[in-house]
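Everything on this sheet refers to the single structure shown next.
In listed order, ligands and their atoms are each counted from 1.
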Amino acid sequence: MVEEEEGNVAGFKPGHEIVSQKATYTVVRLLGEGGFGAVYLCKTNNGTQCAMKVEKKVEKRKIPKLEMENEVLKSVGNLKHFTKFVDCGKREKEGFFFLAMELVGKSLVDLKAERTEKVFSFGTGLGVASQCLEAVEELHKHGFIHRDLKPANYACGLDDNKHTIYILDFGIARKYTNAKKEIKTPRETVGFKGTIRFASLSCHRNIEMGPKDDCESWFYLLLDLILVGGLPWKLLDEKNEVLLVKEECRKEKRHTLYTGLKHTVELNKILVYIDSQAYQDRIDYQFIYKSLEEICVLAGHDIDAPYDWEISKNSLKVKPSPEEEKTQKNGSTIEGDMCREIEGKKTSRYEFYGILQSFMTTNVEQSQKMNYLMDQIKTKRDAKAHSAQVPPKNLNLFVEMLLWGVEESIRHCWNEQKLVDFNVRNLCDSVTDVLEALDIDVDDVKYKFLFSRNRIEDKKKKFLQEPIQNTLAFAIENL
Ligand SMILES: Nc1ncnc2c1ncn2[C@@H]1O[C@H](COP(=O)(O)OP(=O)(O)OP(=O)(O)O)[C@@H](O)[C@H]1O
């Protein structure tokens with residue numbers, strides 16, 4: 001949160017008791033800290049557990065942030081995506097306010113961090129994002145806008161509610177409707193509120209925010225859940241620089257918003273819709289849910305399928321063939337092997353994709369980008385070449401990853417219309433170096449990975465125009 005960040009944690013130790021008229025809460029442990037306070041796991045004297053948010057009293061903050069949180073939780077009531085209100089109060093002498101609410105599970109940031117590739121699978125990302133929007137829709141219906149939507153402010157439920165997403169942290173929410181449920185007249189200018197990475201364009205420009213701004217932040221959140229390299233402005237923290245990149249992503253650099261994603265045309269339609277909305281507009285949430293569902297279908301996923309964290313580590317992510325099913329029943333470890341292979345393949349690709357993505361979005365000259373990419377490849381090569389023994393399976397994946405990296409780089413250069421043969425040659429040299437260091441027959445690789453899979457044919461269909469045609473031919477010759 002960018003606003004004043006002070007006067008935070010109450011610093012309670014496990015065993016500390018907070019007594020209210022309703023119950024006595026004993027601190028079990030700290031769950032997390034935010035800009036304005038801390039959240040503790042507490043047990044109550046009736047044997048239940050809850051989360052207690054504590055905010056230290058600060059003189060210059062006339063209205064505690066917890067007051068808005070309280071107001072929101074109480075006015076929405078017991079809705080699917082909201083934690084149930086338990087208790088609230090203030091401790092004048094000790095100088096803090098507290099809000100006790102239903103305990104939920106890990107935040108989307110934590111759940112993402114547990115994944116090897118640090119993002120959710122496409123299906124989970126879209127399913128989760130759909131629930132995140134449902135929560136926002138409810139909030140809007142009750143006349144509030146959140147103004148700080150981000151993965152850290154959503155969490156999954158516990159036990160039977162692992163498939164439910166909860167919205168958290170209403171500290172800077174705002175009532176955008178008046179008592180007559182009319183939309184308030186927008187103020188001339190407003191201060192920045194929220195988190196730079198997820199802030200809407202209007203927020204950056206100090207324009208009054210409405211429901212559509214939450215939707216814009218929600219869209220960045222959606223991308224953040226599934227983009228391997230993160231949002232294009234991920235490495236920037238200066239407000240105006242981030243605004244500049246967000247603006248560019250609406251124009252000539254739109255493709256950089258979706259690097260590595262499938263069904264980008266359909267995804268982009270959602271952003272186009274959100275961008276077309278004004279402060280006072282009623283959002284057509286159904287259009288967005290439907291679009292997400294359609295994208296899921298196109299990608300071969302079921303939007304309601306179990307999420308990544310619901311699937312146990314040993315469970316297969318692909319349906320086994322009848323033969324494999326039989327072997328599994330006979331007690332073989334084929335399931336584990338397949339899983340490891342699938343995971344491994346994804347990891348190598350994702351890892352490399354992350355490098356490529358930062359390479360593509362780094363704001364430097366093309367040649368510098370190429371050098372950066374080559375350095376990364378060499379580092380990988382050194383790491384692999386020096387490892388005692390590379391198992392053949394991993395070796396194949398590694399090689400595939402490299403070749404795929406070459407294809408992607410060429411495609412990117414072509415997209416940017418900045419193709420330099422010299423750079424491609426250097427890139428191919430690097431890859432050849434890597435292959436040689438690993439004692440791999442370049443020709444063997446070429447046929448195995450490039451031709452047998454019709455990769456080049458596929459690329460041809462999509463990208464074969466001058467000058468990519470020459471360059472691809474050149475790249476293949478040089479491999
Ligand atoms: N009901 C809850 N159950 C379990 N964990 C929670 C709950 N509410 C918040 N948390 C966790 O506590 C941490 C801090 O929460 P939260 O973001 O609400 O605090 P904050 O002080 O408002 O933070 P911010 O700086 O984003 O405003 C987060 O890790 C969050 O996942």
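- For an aromatic pair to be called close, the ring centres must be under 6.0 Å apart, and Trp233 with Tyr220 satisfies this.
- At a heavy-atom cutoff of 4.0 Å, ligand 1 is contacted by no atom of Asp110, backbone or side chain.
- Counting heavy atoms under 4.0 Å from ligand 1, residue Lys106 does not touch it at all.
- Looking at Ala51, Gly171, Gly194, it is Ala51 that brings a heavy atom closest to atom 7 (C) of ligand 1.
- Proximity to Leu31 (heavy-atom distance under 4.0 Å) selects the following atoms of ligand 1: 4 (C), 5 (N).
- Screening residues 155-174 for ring pair (Phe, Tyr, Trp, His ring centres under 6.0 Å), with sequence neighbours left out, gives Phe82-Phe170, His146-Phe170, His163-Tyr307.
- The contact set between ligand 1 and Gly37, taken as ligand atoms under 4.0 Å from a residue heavy atom, comprises 21 (O).
- Distances between N or O atoms of Thr83 and those of ligand 1 include no value under 3.5 Å.
- In this comparison of Leu66, Val39, Leu158, the heavy atom closest to atom 15 (O) of ligand 1 sits on Val39.
- A 6.0 Å sphere centred on CZ of Arg282 holds no more than 12 heavy atoms belonging to other residues, nucleotides or ligands.
- Both cation-pi conditions hold for Lys262 and Phe122: the charged atom is under 6.0 angstrom from the six-membered ring centre and inside a 45 degree cone around its axis.
- Atoms NZ and CG, on Lys290 and Asp284 in that order, are 9.5 Å from each other to the nearest 0.5 Å.
- Taking the six-membered ring for Trp and the full ring otherwise, the centers of Phe120 and Trp309 sit less than 6.0 Å from each other.
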Which is it for Phe96 and Phe12 under the ring pair (Phe, Tyr, Trp, His ring centres under 6.0 Å) test, yes or no, and what are the steps along the way?
CA-CA 11 Å; Phe96 70 86; Phe12 296 148; 5.1 Å; yes
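- Of all the atoms in ligand 1, the ones that sit under 4.0 Å from a non-hydrogen atom of Met101 are 1 (N), 8 (N).
- Residue contact check: Lys150 has heavy atoms under 4.0 Å from atoms 26 (O) of ligand 1.
- For a threshold of 3.5 Å applied to N or O pairs, the pair formed by Gly105 and ligand 1 contains no separation below that value.
- Atom NZ of Lys43 sits in a sparse spot, with 12 or fewer heavy atoms from other residues, nucleotides or ligands closer than 6.0 Å.
- Of all the listed residues (Asp169, Asp148, Leu168), Leu168 holds the heavy atom that lies closest to atom 30 (C) of ligand 1.
- Between Val136 and the choices Asp214, Leu221, Ile283, the side chain to side chain contact (heavy atoms under 4.5 Å, CB included) rule is met once, by Asp214.
- Under the 4.0 angstrom criterion for non-hydrogen atoms, Glu55 is not in contact with ligand 1.
- For the pair Glu102 and ligand 1, the shortest N or O to N or O distance falls below 3.5 Å.
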